[in-house]
Amino acid sequence: MSMEDRDGYIWVDGELVNWRDAKVHVLSYTFMHGAGFFEGVRVYNGASGPAVFRLQDHTRRFFDSAKILQMKMPFREEEIEQAQIATVSANGLKQCYIRPLGYYDGQMVGLPAQGNGVHVAVAVWEFDDILGKDAKNDGIRVKTSSFSRHHINAAMSKAKANGQYINSMLAINEVKAAGYTDALLLDSHGYVAECTTSNIFMVRDGIISTPEKTAILEGITRDTVMTFAAERGMELKERNITRDELYCADELFVTGTAVEITPIVELDNRVIGDGRPGEVVKTFQKMFNDIVMGHVEDKRGWLTPVK
Ligand code: PMP
């Protein structure tokens, strides 16, 4: 179904407008230069009713992105948290994806961005499994992309900025055409960075490793898994990882709001471990599912109910 032609409401600068009326001019600065930022947030319909997972953390990263790009937010964090809840409620959805967006209008011509207005919108829609419905149980096949992540002084990877996704798009288009589900990107030094919309973890001899925060987006699901590992007393290191270390891992998996926790069973035509999702990833998947579906107490305060 078209993303433009739908029933429902999108929150734009404080008002819920009809979905089809939420438009931006072709000469908007964001459209021309890619300077905008966004979030991807999930609502789960758990045992106590619909709740947003880690709303405050996503909203904080949304504001961090604005700060990195020097886009002055016309709203406070609490207002954007409320906007997300209001948009879910207005659309009557119980389990969905939330997409807050920050963007410039087209007041000015030219590269300096000052003088353009900053606007915020929040859209929500029913969620589709982007890696396919069997990915979480069966695992996915991944290929290292010929495109690398930008140098840390070229891309501000802690900003979830629109323009960064050209890099992810080139990578996923390349590997999809070759028959793989997702692409692994290396950083500008050749170390493992992340996949197109997720962070990566490896397990070998019971030790979990994940790339340092240098060239990656600091994923909230990555933090969720690191929290689980710490709570379980599992050894986890943030360090430089090479591509061939991944080939010899016992387990590999990716984490992200859309992919949740998904095993990688094949990388660059090498079978990982015994080719099936391993015990570590299954443990984290269960812990994640128990939290978001409300099967266990939310003792970390990660769920915000949608009234
Ligand atoms: N890296 C990139 C490039 C992403 O787009 C995402 C998705 N937001 C992630 C990692 C995972 O982040 P999170 O767990 O916060 O969704």
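Every number for a ligand or one of its atoms is a count from 1 in the order of the listing. Since the structure is predicted, the reported quantities are computational estimates derived from the model, not experimental observations.
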Return yes if some donor-acceptor pair links the side-chain N/O of Arg20 with the main-chain N/O of Arg6 below 3.5 Å, else return no. yes
If the criterion is any heavy atom closer than 4.0 Å to an atom of ligand 1, which residues make the list? Arg61, Arg149, Lys160, Tyr165, Glu194, Thr196, Thr197, Ser198, Asn199, Leu217, Gly219, Ile220, Thr221, Thr255, Gly256, Thr257
Say whether, by atom type as modelled, one donor and one acceptor occur between the side chain of Ser89 and the main chain of Val306 under 3.5 angstrom. no
May I ask you to check whether Asp105 and His119 show a side-chain donor-acceptor distance below 3.5 Å? yes
Is it true that a side-chain atom of Arg204 and a backbone atom of Cys248 form a donor plus acceptor pair closer than 3.5 Å? yes
Check the pair Gln84, Thr59 against side chain to side chain donor-acceptor pair (under 3.5 Å), reporting the backbone distance first and the verdict last. CA-CA 9 Å; Gln84 293 172 75; Thr59 307; 3.1 Å; yes
Check the pair Phe75, Phe62 against ring-ring contact (aromatic ring centres under 6.0 Å, His included), reporting the backbone distance first and the verdict last. CA-CA 12 Å; Phe75 296 96; Phe62 191 59; 10.0 Å; no
